[in-house]
Enquirer: 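Mind having a look at this structure? Questions to follow.
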Amino acid sequence: MGLLSSYYTYGFPTFLVIIIALYLLFTGSGESFNVGQFLEETSPFAWAATGIGLCLGFSILGAAWGIFVTGSTILSAGIRAPRISTKNLVSIIFCEVVAIYGVIIGIIYSARLSTTVAPDQIYTAENYFTGFAVFWGGLTVGLCNFLCGITVGIAGSTAAISDAADPALFIKVLIVEVFGSILGLFGLITGLLMVSNAKEFAAAASIPAAAETVNAVREFASPYVY
C-alpha cells in the first residue's frame with residue numbers, strides 16, 4: 001500500500017511530465033514550452049490579484065486549521081477539566097490573529113491595483129515588477145501565516161492538554177505559543193519589504209522614463225506581447 005501510494009504521489013506525475021515533454025520535443029513543438037513567455041504574456045495585474053488571493057486564502061486556511069486543532073482539544077479536554085475552557089480561549093485568539101495578518105497585507109496590496117490601465121499599456125517594466133512583487137509577496141505572507149496557524153494550533157492544543165493535567169504548565173506552554181505566533185508577524189514584515197519599491201500600476205505613456213513615441217514605449221513591453 002505504501003509503494004502504491006508513493007507511485008501515485010511522485011511516480012505518476014513525473015511519468016506524465018516526461019510523456020508531455022517528449023511529445024512536444026518529437027512533434028517540433030518544444031518552443032511552446034516556454035516559461036518566460038508564460039510569465040510575460042500573463043498580465044501583471046493578474047499576477048498581483050493572484051498574489052492577494054493566495055495571501056488571504058493561505059492565511060485564513062492556516063487560522064482555520066489552528067482553530068480546528070485547538071478548539072477540538074479544548075472541548076474534549078474541557079469535559080474532564082471544565083476550568084480550562086475559558087482560560088485557553090487565548091489560543092483561539094492567537095489563531096485568529098494569523099488571518100488578520102493576511103487581511104492587513106491584502107488591503108495594503110490592493111492599493112497597488114486601484115488604477116485601471118488599458119490592456120495594451122500595462123506591459124511595462126515597472127508594472128511587471130509590481131505584479132511579480134505583489135504575487136511573491138502575497139504567496140510568502142500566505143505561506144508564513146499558514147505555517148504559523150498550524151504552529152499556534154498545535155501549541156494551543158498542547159497548552160490545553162497540559163493545563164488539564166497540571167495548571168502550572170499552562171504559562172510555560174503559552175510562552176511557546178506566543179513565540180510561534182510571532183512567526184506570522186515576521187511574514188507580514190517580509191511582505192511589506194518585498195513591495196516597498198513597487199509602485200501603483202500605470203499606463204506606459206504616463207511613465208516618465210518612457211519616450212513620447214510609440215516605438216520607444218514598446219521598449220518597456222515584453223517581446224511576446226507585441
Side-chain angles (χ1 to χ4, degrees), residues 1-66 68 98-99 101-102 105-106 109-110 112-113 116-151 153 183-184 187 190-191 193-195 197-199 201-204 215 217-226:
M1 186 64 181
L3 182 61
L4 186 62
S5 176
S6 300
Y7 169 74
Y8 282 106
T9 303
Y10 304 105
F12 186 67
T14 304
F15 173 76
L16 286 180
V17 170
I18 293 175
I19 291 298
I20 295 174
L22 291 176
Y23 172 79
L24 294 175
L25 179 63
F26 290 115
T27 56
S29 303
E31 293 183 356
S32 62
F33 186 75
N34 192 329
V35 179
Q37 182 176 357
F38 168 75
L39 293 176
E40 294 188 7
E41 282 185 344
T42 306
S43 171
F45 199 92
W47 284 112
T50 304
I52 295 175
L54 291 174
C55 175
L56 293 172
F58 277 118
S59 299
I60 295 173
L61 180 61
W65 197 330
F68 167 72
V98 174
Y101 289 157
I105 290 296
Y109 283 4
S110 62
R112 304 293 197 284
L113 281 67
T116 303
V117 182
D120 59 340
Q121 295 180 336
I122 197 173
Y123 295 96
T124 63
E126 288 79 3
N127 290 339
Y128 274 126
F129 178 81
T130 300
F132 291 138
V134 173
F135 173 80
W136 290 109
L139 181 61
T140 301
V141 174
L143 291 178
C144 287
N145 289 336
F146 176 70
L147 296 175
C148 177
I150 297 177
T151 301
L183 298 177
T190 302
L193 291 175
M194 293 180 69
V195 299
N197 294 325
K199 303 177 182 178
F201 286 102
N215 292 331
V217 172
R218 287 185 177 181
E219 293 179 0
F220 287 83
S222 167
Y224 300 110
V225 177
Y226 291 100

Enquirer: Apply side chain to side chain contact (heavy atoms under 4.5 Å, CB included) to Ala46 and list each qualifying residue two or more places apart in sequence or on a separate chain.
Expert: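 Testing Ala46 for side chain to side chain contact (heavy atoms under 4.5 Å, CB included), a comparison that skips the adjacent residues, returns Thr42, Ser43.
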
Enquirer: Which side-chain hydrogen bond (donor to acceptor under 3.5 Å, both in side chains) pairs, counting each pair once, include a residue from residues 48-59, with sequence neighbours left out?
Expert: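 As it turns out, the side-chain hydrogen bond (donor to acceptor under 3.5 Å, both in side chains) pairs with a partner in residues 48-59, which skip direct neighbours, are Ser59-Asn145.
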
Enquirer: Who pairs with Leu113 by side chain to side chain contact (heavy atoms under 4.5 Å, CB included), at least two apart in sequence or on another chain?
Expert: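 With sequence neighbours excluded, Leu113 shows a side chain to side chain contact (heavy atoms under 4.5 Å, CB included) to Phe45, Ala48, Ala49, Ile52, Phe201, given in chain and number order.
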
Enquirer: For Ala198, give me all partners under side chain to side chain contact (heavy atoms under 4.5 Å, CB included), at least two apart in sequence or on another chain.
Expert: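 Partners of Ala198 by the side chain to side chain contact (heavy atoms under 4.5 Å, CB included) criterion, ordered by chain and then number, come out as Arg112, Phe129, Thr130, Ala133, Val195.
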
Enquirer: Pick one: which of Tyr123, Tyr128, Phe132, Tyr109 meets ring pair (Phe, Tyr, Trp, His ring centres under 6.0 Å) with Trp47?
Expert: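 For Trp47, the ring pair (Phe, Tyr, Trp, His ring centres under 6.0 Å) test succeeds with only one of Tyr123, Tyr128, Phe132, Tyr109, which is Phe132.
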
Enquirer: Within the supplied structure, the quantity of interest is the number of heavy atoms (other residues, nucleotides, ligands) at a distance under 6.0 Å from Phe146 CZ; does it exceed 12?
Expert: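 Enclosed.
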
Enquirer: Ignoring hydrogens, what is the shortest heavy-atom contact between Pro44 and Ile122? Give both atom names and the distance.
Expert: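 For Pro44 versus Ile122, the nearest heavy atoms are CG-O, 3.9 Å.
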
Enquirer: What side-chain donor-acceptor pairs closer than 3.5 Å can you find for residues 134-143, not counting sequence neighbours?
Expert:
| from | atom 1 | to | atom 2 | distance (Å) |
| --- | --- | --- | --- | --- |
| Thr140 | OG1 | Trp136 | O | 2.7 |

Enquirer: State which residues pass side chain to side chain contact (heavy atoms under 4.5 Å, CB included) with Ile18; sequence neighbours excluded, sorted by chain then number.
Expert: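 In terms of side chain to side chain contact (heavy atoms under 4.5 Å, CB included), with neighbours along the sequence ignored, Ile18 is linked to Thr14, Leu22.
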
Enquirer: In Å and rounded to the nearest 0.5 Å, what is the SG to OH distance from Cys144 to Tyr101?
Expert: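 Between atom SG of Cys144 and atom OH of Tyr101 there are 12.0 Å.
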
